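Given the structure is predicted, the values throughout are model-derived calculations rather than measurements.
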Amino acid sequence: MEITEILMNSVRQRILQCFLVNDKVTVKEIKKFLPDISSASLYRHIKILSDNSVITVVGENRIRGTVESIYSLNKGALEIDDTNDANGAVVQSALLGICASFAKYFASGDAAPKKDMLMLSMCTLTLTDDEFKDFLTEINEIALKYMNVKVCKGSKTRRVTLISSPDNEQAI
C-alpha cells in the first residue's frame with residue numbers, strides 16, 4: 001500500500017491527529033479520543049498504520065494476562081523525500097484526495113454547505129521565510145489546542161486542510 005493511500009483515509013488521519021497531541025498512546029486511549037469509530041474499525045486501521053511502519057510499538061502494558069501495546073508515531077515514515085518526488089506525485093495525490101472528498105460530499109444528496117459550515121478561504125501572504133515559519137507555528141499551536149478537545153455529544157468531525165504554494169508573482 002502506498003503511503004499516500006494510507007494517509008488519505010479519513011479515519012487514519014484522525015488516528016494520526018491523536019499522535020500529534022500525544023507522543024505515546026494505546027488503542028484504548030485512541031478509542032477515547034475517537035469514540036465514534038468502532039473498535040473493529042479502529043484495530044483494522046491501527047494494523048494498517050503499524051504494518052506500514054507509520055506507527056511503531058514502543059512499549060507494552062501487562063494487564064491481567066493480556067498485553068496492551070503502546071504506540072508512537074514514526075515521523076520518519078511521513079517525511080517526503082523531494083528527490084524522489086520531483087514531479088509532486090505525493091502532493092497531487094493528496095489534492096486529488098481532497099477533490100474526491102468534496103465530490104463525495106456533494107454527491108451524497110445530503111450536502112448542506114451552510115449548515116455544515118463548509119469554508120474555503122484563500123489569501124496571499126508576502127513574508128520572509130522566518131515570518132512564514134512563525135505563521136505556520138502559530139497555526140499549528142491553534143490546531144493542537146482544538147485537536148485536544150474531547151469528543152462529546154454534538155461533536156462533528158471536520159477536516160481542515162492548509163495548503164501553501166508558491167505564487168508566480170514575486171515580491172520586491
Side-chain angles (χ1 to χ4, degrees), residues 1-25 30 33-34 36-37 45-46 48-56 58 71-108 110-151 155-172:
M1 190 177 286
E2 293 286 324
I3 191 73
T4 53
E5 185 180 349
I6 294 165
L7 300 179
M8 292 314 303
N9 179 278
S10 62
V11 173
R12 289 191 286 271
Q13 287 176 355
R14 292 178 62 204
I15 292 168
L16 293 176
Q17 286 180 354
C18 187
F19 285 98
L20 295 175
V21 175
N22 306 285
D23 289 335
K24 300 175 186 176
V25 291
I30 295 170
F33 193 78
L34 305 171
D36 57 316
I37 307 297
H45 289 291
I46 292 288
I48 290 169
L49 291 169
S50 181
D51 288 351
N52 289 279
S53 301
V54 175
I55 61 173
T56 56
V58 294
Y71 294 94
S72 184
L73 185 63
N74 176 9
K75 293 178 183 172
L78 303 177
E79 292 177 0
I80 298 171
D81 181 0
D82 290 343
T83 59
N84 292 333
D85 193 33
N87 65 354
V90 173
V91 172
Q92 290 180 52
S93 178
L95 291 172
L96 288 173
I98 293 168
C99 289
S101 177
F102 277 104
K104 184 177 177 182
Y105 170 76
F106 285 109
S108 72
D110 296 326
K114 189 172 184 175
K115 177 182 160 264
D116 293 335
M117 293 187 258
L118 184 70
M119 176 203 69
L120 173 64
S121 177
M122 292 177 59
C123 68
T124 301
L125 304 175
T126 306
L127 305 171
T128 66
D129 286 349
D130 286 339
E131 290 169 331
F132 190 66
K133 285 177 188 174
D134 291 344
F135 171 76
L136 294 176
T137 298
E138 289 180 41
I139 287 176
N140 186 51
E141 289 169 357
I142 291 168
L144 286 172
K145 172 185 172 185
Y146 288 97
M147 285 167 43
N148 206 18
V149 171
K150 301 280 187 227
V151 176
S155 293
K156 293 181 181 179
T157 302
R158 292 182 171 90
R159 182 178 301 155
V160 176
T161 304
L162 177 67
I163 301 171
S164 165
S165 63
D167 193 348
N168 292 335
E169 297 179 25
Q170 294 295 318
I172 299 173

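The structure places OG1 of Thr157 at 9.0 Å from CD of Gln17, a figure rounded to the nearest 0.5 Å.
You'll find the side chain of Leu136 reaches within 4.5 Å of the side chain of Leu162, heavy atoms only. Within the 4.5 Å cutoff, no side-chain heavy atoms of Leu120 are placed close to those of Phe102. Side-chain contact check for Tyr105 versus Asp116: some heavy-atom pair is nearer than 4.5 Å. No side-chain heavy atom of Ile30 sits less than 4.5 Å from a side-chain heavy atom of His45. The closest side-chain heavy-atom distance from Glu141 to Leu144 is not below 4.5 Å. Taking 4.5 Å as the limit, every side-chain heavy atom of Asn74 sits out of range of all side-chain heavy atoms of Ile55.
Exactly one residue among Asp23, Ile15, Asn22 makes a side chain to side chain contact (heavy atoms under 4.5 Å, CB included) with Phe19. That residue is Ile15.
Here the shortest heavy-atom pairing between Ile6 and Arg12 reads O-NE, 2.8 Å. Smallest separation of non-hydrogen atoms from Leu127 and Phe135: CD1-CB, 4.4 Å. Across all their heavy atoms, Lys150 and Ser155 have their closest contact at O-OG, 4.3 Å.
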